[in-house]
Amino acid sequence: MKKILSVMLLAAAAATLNAAEYDVTSPDGKVKAKIVCDGATRYSLSYDGQALIVDSPVSMTLSDGTVWGASKVRKTGRKSVDEPIKATFYRKAVVDNAYNELNLDYGTYNLVFRAYDDGFAYRWESDKRKPYKVVAEQATFNFAQDWNMYATYTHKYEEGGLDAQYMDDFENLYKYTPLSEWDTTHLGVLPLMVDCPDNVKLVIAESDLVSYPGMFLYNGDSDRCLEGKYAPYPKVEELGGHNMLQMIVKEREDYLASCDGSARTFPWRSISISTKDIQMADNDMVYRLARPCPAEEDYSWVKPGKVAWEWWNNWNVRGVDFVAGINTETYKYYIDFASRHGLEYVILDEGWAVKYADDLYAVVPEIDLEEIVRHGNEKNVGIILWAGYSAFMKDVEGVCSHYAKMGVKGFKVDFLDRNDQKMEDFIYKASEVAARYRLVMDFHGCHQPTGLQRRFPNVLNYEGVFGLEQMRKRQLPEYDMVEFDVTIPYIRYVAGFADYTPGAMKNGSYTNFRDVRTEPMSQGTRCRQLAEFVVFDAPLNMICDSPTNYELEPVCSEFLYRVPTVWDETIVLDGKVGDYIITARRKGDTWYVGAMTDWTERDLKVDISRLFDTQVKVEAWQDGKVAHKFGNDYQKKSYIAEKSIDIHLAPGGGWAAIISK
């Protein structure tokens with residue numbers, strides 16, 4: 001026994017002697033990561049001396065038993081970068097990109113750490129020269145204390161334990177609880193926010209997710225520990241799900257990802273850090289870390305813009321001499337409406353292709369698709385087609401070629417509901433093929449974005465959000481969209497844009513809201529819906545309501561027609577997560593400002609001195625005097641202002657303005 005104890009002590013002493021410590025610090029010196037390598041690799045993270053994440057192991061295990069992070073570091077490399085990124089179709093034209101980097105070289109693989117002034121990230125890189133499989137990845141977030149968090153969970157497939165929840169629509173509300181009260185029956189969905197002392201907040205996300213499963217979170221070895229969990233590679237799939245448009249995974253392999261042996265990188269694990277909530281609502285970490293688009297590729301043909309959308313409003317056009325629905329006459333009506341008001345696109349959502357056929361070449365007889373596309377071209381309105389995942393996946397090249405020749409401008413691919421390696425390979429391929437045929441893409445029924453839009457600027461939107469479409473089948477108080485609306489700018493939108501689909505013209509106060517599927521409405525006021533066009537990021541923004549309703553409200557609808565979808569500059573002027581937000585965005589010489597509150601009535605001051613140093617003209621759409629009872633009530637006012645503007649927000653209210661010299 002004494003001999004065994006002596007051996008153990010000697011081994012422990014040897015490990016201590018062989019331990020190596022490294023650190024990487026942000027340019028401003030406040031974000032600091034310490035990395036310890038002593039037969040395992042662990043990191044700790046602090047901000048301005050305050051411990052945030054402590055002693056958190058990271059590793060990657062291959063099918064041959066090799067464990068990355070367990071071997072000795074052979075050499076290190078460091079570099080400092082300060083090179084702004086010219087962004088495409090984003091919330092700003094230029095993204096700050098200054099960081100310090102530490103590269104740990106273990107031989108056939110590397111572990112790279114970066115520290116920015118507003119965050120920290122790491123990822124694995126491989127130079128392995130023969131095929132291999134990844135069977136496990138350890139990504140640990142061991143928080144210094146049991147702090148509160150904003151977490152959203154899987155929910156679509158609730159039976160069969162955690163492993164049955166790898167298929168999900170990635171759409172749910174946030175729950176604010178201590179880390180120790182993690183919902184152990186579900187997986188956590190990124191991004192996730194942790195609320196630390198002194199108003200420091202962390203948001204965990206991922207970037208550059210290519211040919212690898214996306215990361216879920218679950219509770220780890222302690223009440224304050226979260227760990228990554230990943231969907232294994234599909235082994236057996238079966239056509240099924242919504243209208244037979246999904247590939248349901250019936251059995252999975254015993255590995256996460258298969259790698260072909262060429263040099264490759266793995267996704268960045270990112271932790272954004274803010275000391276003011278408004279900083280998190282304008283955080284660019286995911287975009288910075290994403291792989292860039294090669295300079296030789298031309299995306300000047302991509303056209304962001306707004307889309308007249310028919311599904312949410314149930315094709316409800318009135319006062320016409322035809323029966324509105326899924327037919328040629330209705331879509332030509334939508335095209336004429338879009339043309340009159342400068343909207344770039346009309347979508348044909350679910351219904352134009354034969355139901356249950358799993359075939360995108362099978363068009364319902366009520367639709368003359370070529371005539372619709374021809375009419376759209378004549379009116380300078382592009383046509384986007386909705387497509388179920390399985391039908392699109394089985395012939396990506398053929399479908400893109402066929403409809404590009406017809407003159408279609410893009411696809412909204414729906415019901416992906418997975419993030420395993422096979423699905424990520426599809427997303428990348430679909431983006432690549434669509435780009436070759438000059439088609440824009442909107443991934444719906446999909447996980448949150450991870451920066452792919454930087455590599456493929458034709459990818460103009462993702463869903464991955466509990467959006468307005470949910471108001472066709474949800475009720476208060478269980479589904480509180482008003483509080484959710486002033487939460488997601490600080491968390492969900494850290495990942496990137498979202499297909500939230502705002503623009504409802506029927507608006508309900510807390511007591512008046514009803515879920516009416518055929519004539520849907522929104523929670524909160526009319527001006528809240530206008531403000532969402534500024535606060536929420538969406539280069540391809542679907543306006544959800546009926547052309548009839550917009551035509552009946554020309555003063556209000558004017559804002560929707562005028563507001564851009566991509567921006568030169570973004571400034572979040574004020575806000576608090578879960579309570580309210582005021583966002584300003586510039587296009588050219590004009591600023592657009594949106595403000596929203598929760599169900600609390602607020603009087604706020606909008607500081608416009610950061611936007612202009614002179615008097616300005618303000619066109620403002622504001623909650624009416626009875627908006628607290630009648631959500632549709634609003635006023636439009638024009639006036640001259642300088643330095644600041646006092647605004648009043650009704651419960652669930654909003655304020656939207658166009659400000660120019």
Side-chain angles (χ1 to χ4, degrees), residues 154-157 167-172 189 214 237 239-249 307-315 326 345-364 367 369 383-396 399-400 403 408-420 422-431 433-434 439-449 452-453 458-473 497-501 517 538-544:
T154 55
H155 70 102
K156 195 168 183 181
Y157 298 90
M167 291 198 66
D168 193 73
D169 58 12
F170 303 89
E171 301 174 41
N172 211 342
V189 173
E237 297 174 272
L239 183 65
H242 179 86
N243 289 349
M244 303 298 286
L245 293 169
Q246 296 172 280
M247 295 303 294
I248 308 300
V249 180
V307 186
W309 184 36
E310 21 70 294
W311 180 88
W312 190 81
N313 58 74
N314 203 43
W315 297 266
I326 302 173
Y345 298 100
V346 164
I347 188 168
L348 276 65
D349 211 288
E350 184 175 12
W352 68 271
V354 175
K355 193 173 183 178
Y356 303 120
D358 192 35
D359 182 357
L360 291 177
Y361 302 106
V363 181
V364 297
I367 292 288
L369 192 52
I383 299 301
I384 294 175
L385 298 178
W386 180 94
Y389 159 67
S390 60
F392 193 83
M393 174 270 301
K394 67 184 182 183
D395 189 15
V396 175
V399 167
C400 287
Y403 286 109
V408 168
K409 302 303 181 184
F411 285 95
K412 171 184 174 181
V413 184
D414 204 352
F415 295 109
L416 285 71
D417 287 0
R418 287 165 33 199
N419 67 351
D420 49 53
K422 189 170 184 179
M423 182 58 73
E424 297 311 311
D425 285 342
F426 161 77
I427 291 172
Y428 194 94
K429 177 184 176 182
S431 305
V433 173
L439 297 167
V440 299
M441 295 294 288
D442 175 10
F443 290 110
H444 215 64
C446 182
H447 60 73
Q448 292 74 7
L452 188 66
Q453 66 272 23
N458 61 310
V459 178
L460 289 179
N461 219 337
Y462 276 75
E463 190 178 22
V465 69
F466 194 84
L468 194 67
E469 69 174 58
Q470 301 292 343
M471 292 302 93
R472 295 189 2 152
K473 51 188 176 182
F497 39 62
D499 202 2
Y500 182 96
T501 66
R517 189 175 184 90
L540 189 70
N541 207 346
M542 296 197 188
I543 63 172
C544 67

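Along the sequence shown, residues carry numbers from 1.
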(message) By the definition side-chain contact (heavy atoms from CB on, under 4.5 Å), identify the one residue from Leu460, Asp442, Ile347 that meets it with Ile384.
(response) Ile347

(message) Could you check whether any side-chain heavy atom of Tyr361 comes within less than 4.5 Å of a side-chain heavy atom of Asp395, counting everything from C-beta outward?
(response) yes

(request) List in chain and number order the residues that pass side chain to side chain contact (heavy atoms under 4.5 Å, CB included) with Asp420, two or more places apart in sequence or in another chain; answer none if no residue qualifies. (result) Ala231, Pro234, Val249, Arg252, Arg418, Lys422, Met423

(request) Answer yes if the side chains of Glu469 and Trp312 hold a donor-acceptor pair under 3.5 Å, and no otherwise. (result) no

(message) Looking at Gln448 and Gly464, would you say the former's side chain and the latter's main chain have a donor-acceptor pair under 3.5 Å?
(response) yes

(request) Ignoring hydrogens and angles, tell me if any N or O in the side chain of Asp169 forms a donor-acceptor pair with the backbone of Phe415 under 3.5 Å. (result) no

(message) With a 3.5 Å distance limit and no angle check, can you tell me whether Asp168 reaches the backbone of His155 through a side-chain donor-acceptor pair?
(response) yes

(message) Closer than 3.5 angstrom, by distance alone: can the side chain of Asp358 be matched with the main-chain N or O of Ala391 as a donor-acceptor pair?
(response) yes

(message) When you compare the side chain of Tyr462 with that of Ile427, does any pair of heavy atoms fall below 4.5 Å?
(response) yes

(message) Counting only heavy atoms from other residues, nucleotides and ligands, does the tally under 6.0 Å from NZ of Lys429 exceed 12?
(response) no

(message) Would you say that Glu310 contacts Asp349 through its side chain, given a criterion of any heavy-atom pair below 4.5 Å between the two side chains?
(response) yes

(message) Using only atom types and a distance under 3.5 Å, with no angle test, would you say the side chain of Asn461 pairs donor to acceptor with the backbone of Asp499?
(response) yes

(message) Are the side chains of Leu245 and Glu350 in contact, using a 4.5 Å heavy-atom criterion?
(response) yes

(message) If the condition is side chain to side chain contact (heavy atoms under 4.5 Å, CB included), which residues does Asn458 pass it with, not counting sequence neighbours?
(response) Tyr299, Trp301, Val302, Ala434, Ala435, Met441, Phe456

(request) Compare all side-chain heavy atoms of Arg472 with those of Trp311 and state whether any distance is below 4.5 angstrom. (result) yes

(request) Kindly say whether Leu385 contributes a backbone atom to a donor-acceptor pair with the side chain of Tyr403 at under 3.5 angstrom? (result) no

